[in-house]
J.: 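Below you'll find the structure I mean.
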Amino acid sequence: VCVCRHDTAAGIARVYRGSFVHSTRDAALEILNDFVLGVDKSGKITFIEEGKNVDRLAQEQGFNTADVENLGPGEFFMPGMVDTHIHASQYTYMGTALDLPLLQWLNTYTFPVESRYRDLKFARDVYTKVVKRTLRNGTTTACYFATIHTDASLLLGQIADDLGQRALVGKVCMDINPMVPQYKELLDESKDETLRFIRELLQKKYPRVKPVVTPRFAVSCSSSLLDALGEIARTLYFQSHISENKEEVELVKQLFPDCLSYTDVYLKHGLLTDKTVMAHGCHLTDEELKIFHKNGASISHCPSSNISLMSGILNVRNVQKHKVKLGLGTDVAGGYSASILDAVRRAIDTSKVLTIEHPQLRPLTFEEVFWLATLGGSEALSLDDRIGNFEVGKDFDALRVNVSVPGGPLDVFPEDVIVEKFLNLGKTPWLSFISLFLQYG
């Protein structure tokens with residue numbers, strides 16, 4: 001993996017010529033063949049125009065055409081992929097322990113493992129590996145759940161910054177856990193440690209790493225804790241889980257009898273804002289989706305874990321119908337892979353399963369899921385002013401993909417739609433076919 005670090009001084013740092021693939025507000029997939037793109041020394045895109053204009057651009061922007069880097073056959077740039085929901089602390093058992101439904105799975109596997117993160121040596125080892133792995137998989141931006149341990153959560157933020165990944169990092173909050181009572185906090189402890197986590201992470205002034213307020217889900221939080229977090233999260237990012245499986249939905253009804261729905265729990269505690277991203281949402285009603293849209297809240301679609309834990313299937317078409325912001329999540333370790341490419345494939349597959357059951361639905365296209373993995377994810381995390389596509393003024397947060405690398409994971413033929421083939425057959429970059437270009441500063 002080649003990481004290009006840009007200085008903060010003014011002026012053109014790099015110019016690339018070749019194919020650029022991205023999404024726009026109007027097109028799920030736009031392919032720009034023989035275009036030229038310039039990046040300044042602060043990592044911002046300064047221009048993107050047709051290649052025939054390169055001589056004029058060289059005069060206007062002050063670069064030498066001999067310094068333009070030309071992409072080869074089978075190469076293209078695409079935006080870095082965005083993982084809108086991943087549990088960094090569950091990485092140790094990713095790919096295993098997929099034999100139970102959600103609530104039993106949490107008690108049997110998740111809580112005992114997450115309890116270990118009071119050990120900072122253990123935390124450093126795991127968090128370093130998960131950040132490196134997701135970067136190798138093409139995830140330039142991740143929204144992480146850590147654990148209830150403040151110092152380990154701060155360490156995850158440091159590691160993401162050190163390795164160059166843009167990240168939202170959340171210290172988990174939970175003051176209810178009757179099944180594994182050693183893994184929970186006291187109410188005041190949770191509030192105080194959340195404030196300490198936010199304060200100390202912001203004091204680091206990491207350019208790409210920010211805190212996100214993170215109650216695990218309504219089942220593990222008292223109303224008092226949710227109230228406190230609502231006050232804390234007024235101007236911050238917020239993440240949690242919602243309507244992942246039916247047993248969980250019924251339990252929330254019992255725990256919060258004064259609330260009209262699962263969504264109403266978060267709404268009444270001030271936790272549904274335009275900086276909120278909620279994982280799953282498989283069983284949200286139309287009325288709940290209307291509330292999401294009204295408040296500008298987002299959903300992280302996690303198709304791999306939805307199937308692996310037998311939770312349900314999100315009707316993406318219905319989410320789109322209600323104009324709710326939507327991105328993709330790997331949801332490690334309920335999801336068995338830390339690759340957004342695998343989430344892309346599972347999103348298409350599960351949409352086809354829904355179409356089999358409901359023929360009036362249309363399955364998702366590869367173009368639409370490409371959008372979810374890039375621009376959709378940036379919108380879901382309220383980062384679309386900085387990343388998600390190749391608009392001038394945004395960070396050059398990109399993957400350089402080479403589908404023709406010798407010994408690579410796929411064979412290319414003249415009639416191929418290369419982007420579609422890459423999304424369906426591409427493998428992780430230890431096969432040397434993706435380079436990461438991350439904005440620094």
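The structure displayed is predicted, hence computed values, not measured ones.
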J.: Can we say Lys171 and Glu185 salt-bridge, meaning some charged N sits less than 4.0 Å from an Asp/Glu carboxylate O?
T.: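 A salt bridge links Lys171 with Glu185.
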J.: Is there a side chain to side chain contact (heavy atoms under 4.5 Å, CB included) between Ile148 and Met174 once you walk through the steps?
T.: CA-CA 7 Å; Ile148 65 174; Met174 49 190 294; 3.7 Å; yes
J.: Hey, mind stepping through Phe292 and Lys325 against side chain to side chain contact (heavy atoms under 4.5 Å, CB included) and telling me if it holds?
T.: CA-CA 9 Å; Phe292 265 73; Lys325 295 183 293 184; over 6 Å; no
J.: Ser300 side chain to Ala279 main-chain N or O, any donor-acceptor pair under 3.5 Å?
T.: no
J.: Residues two or more places apart in sequence or in another chain: which of them pass ring-ring contact (aromatic ring centres under 6.0 Å, His included) with Tyr91?
T.: none
J.: Identify which one of Arg345, Arg346, Lys352 satisfies the salt bridge (Lys or Arg N to Asp or Glu O under 4.0 Å) criterion when paired with Asp349.
T.: Arg346
J.: Return the set of residues passing side-chain contact (heavy atoms from CB on, under 4.5 Å) with Thr273 (not counting sequence neighbours), or none when no residue passes.
T.: Lys275, Thr276
J.: Looking at Asp40 and Arg14, does any basic side-chain N land under 4.0 Å from a carboxylate oxygen?
T.: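 No, this pair does not count.
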J.: Exactly one of Leu251, Val249, Leu267 should register a side-chain contact (heavy atoms from CB on, under 4.5 Å) with Tyr262. Which one does?
T.: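 Result for side-chain contact (heavy atoms from CB on, under 4.5 Å) with Tyr262: Val249.
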J.: Name the residue from Leu381, Leu383, Val277 that meets the side-chain contact (heavy atoms from CB on, under 4.5 Å) definition with Tyr237.
T.: Leu383
J.: Could you walk me through whether Thr134 and Gln165 pass side chain to side chain contact (heavy atoms under 4.5 Å, CB included), step by step?
T.: CA-CA 9 Å; Thr134 52; Gln165 188 175 58; 3.0 Å; yes
J.: Should the pair Asp384-Arg25 be classified as a salt bridge under the 4.0 Å nitrogen-to-oxygen rule?
T.: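 Answer for the salt bridge query: yes.
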J.: For Asn177, give me all partners under side-chain hydrogen bond (donor to acceptor under 3.5 Å, both in side chains), at least two apart in sequence or on another chain.
T.: none
J.: Determine whether Ser298 and Glu379 satisfy the following criterion, side chain to side chain contact (heavy atoms under 4.5 Å, CB included), listing intermediate values before the conclusion.
T.: CA-CA 8 Å; Ser298 307; Glu379 289 184 354; over 6 Å; no
J.: Regarding Glu367 and Thr365, is there a side-chain donor-to-acceptor distance under 3.5 Å anywhere?
T.: yes
J.: Side chains of Gln239 and Thr214 only: does a donor on one sit below 3.5 Å from an acceptor on the other?
T.: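 Short answer, yes.
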J.: Tell me, please, which residues at least two apart from His241 pass side-chain hydrogen bond (donor to acceptor under 3.5 Å, both in side chains).
T.: His85, His87
J.: What residues, two or more places apart in sequence or in another chain, satisfy side-chain contact (heavy atoms from CB on, under 4.5 Å) together with Thr110?
T.: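 Partners of Thr110 by the side-chain contact (heavy atoms from CB on, under 4.5 Å) criterion, ordered by chain and then number, come out as Gln90, Tyr93, Trp105, Leu106, Glu114, Arg216.
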J.: What pairs meet the salt bridge (Lys or Arg N to Asp or Glu O under 4.0 Å) rule with one or both residues in residues 77-100, with sequence neighbours excluded?
T.: none
J.: For Lys184, is there an ion pair with Glu189 - N to carboxylate O distance below 4.0 angstrom?
T.: no
J.: Quick one: does Leu163's side chain get under 4.5 Å of Leu135's, heavy atoms only?
T.: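 Leu163 vs Leu135: side chains touch.
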J.: List the residues meeting side-chain hydrogen bond (donor to acceptor under 3.5 Å, both in side chains) with Asp119, not counting sequence neighbours, and say none if there are none.
T.: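 Result, side-chain hydrogen bond (donor to acceptor under 3.5 Å, both in side chains) vs Asp119: none returned.
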J.: For Arg234, check side-chain contact (heavy atoms from CB on, under 4.5 Å) against everything at least two apart and list the hits.
T.: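 Testing Arg234 for side-chain contact (heavy atoms from CB on, under 4.5 Å), a comparison that skips the adjacent residues, returns Glu231.
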J.: Could you tell me which residues satisfy side-chain hydrogen bond (donor to acceptor under 3.5 Å, both in side chains) with Thr194, sequence neighbours excluded, listed by chain and number?
T.: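 Counting only residues at least two positions away or on another chain, Thr194 forms no side-chain hydrogen bond (donor to acceptor under 3.5 Å, both in side chains).
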J.: Is it true that Tyr127 and Tyr144 have ring centroids separated by less than 6.0 Å?
T.: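 No, too far apart.
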J.: Evaluate the ring pair (Phe, Tyr, Trp, His ring centres under 6.0 Å) criterion for residues Phe122 and Tyr117: first the C-alpha distance (whole Å), next the side-chain angles of each, then the deciding distance (0.1 Å), finally the verdict.
T.: CA-CA 7 Å; Phe122 174 75; Tyr117 283 81; 4.9 Å; yes
J.: Below 4.0 angstrom, N of the basic side chain to O of the carboxylate: do Asp397 and Lys44 qualify?
T.: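 No, no charged N to carboxylate O under 4.0 Å.
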J.: For the ring pair Phe396 and Tyr16, is the centre-to-centre distance below 6.0 Å?
T.: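 Ring centroids of Phe396 and Tyr16 are less than 6.0 Å from each other.
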J.: Would you please say whether a donor-acceptor pair under 3.5 Å links the side chains of Tyr336 and Ser304?
T.: no
J.: Can a side-chain donor-acceptor contact be found between Asp331 and Ser305 if the only test is distance below 3.5 angstrom?
T.: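 Yes, Asp331 and Ser305 have a side-chain donor paired with an acceptor closer than 3.5 Å.
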J.: Sequence neighbours excluded, which residues qualify as ring-ring contact (aromatic ring centres under 6.0 Å, His included) partners of Tyr206?
T.: none
J.: Who are the side-chain contact (heavy atoms from CB on, under 4.5 Å) partners of Gln203, not counting sequence neighbours?
T.: Arg199, Glu200
J.: By salt bridge (charged side-chain N to carboxylate O under 4.0 Å, His left out), which residues pair with Lys132, not counting sequence neighbours?
T.: none
J.: Does the plane of the ring in Phe390 sit parallel, tilted or perpendicular to the ring in His22? Use 30° and 60° as the thresholds.
T.: parallel
J.: Should the pair Lys129-Asp125 be classified as a salt bridge under the 4.0 Å nitrogen-to-oxygen rule?
T.: yes
J.: Treating Glu288 as the side-chain partner and Leu284 as the backbone partner, does any N or O pair qualify as donor plus acceptor under 3.5 Å?
T.: no
J.: Closer than 3.5 angstrom, by distance alone: can the side chain of His293 be matched with the main-chain N or O of Leu289 as a donor-acceptor pair?
T.: no
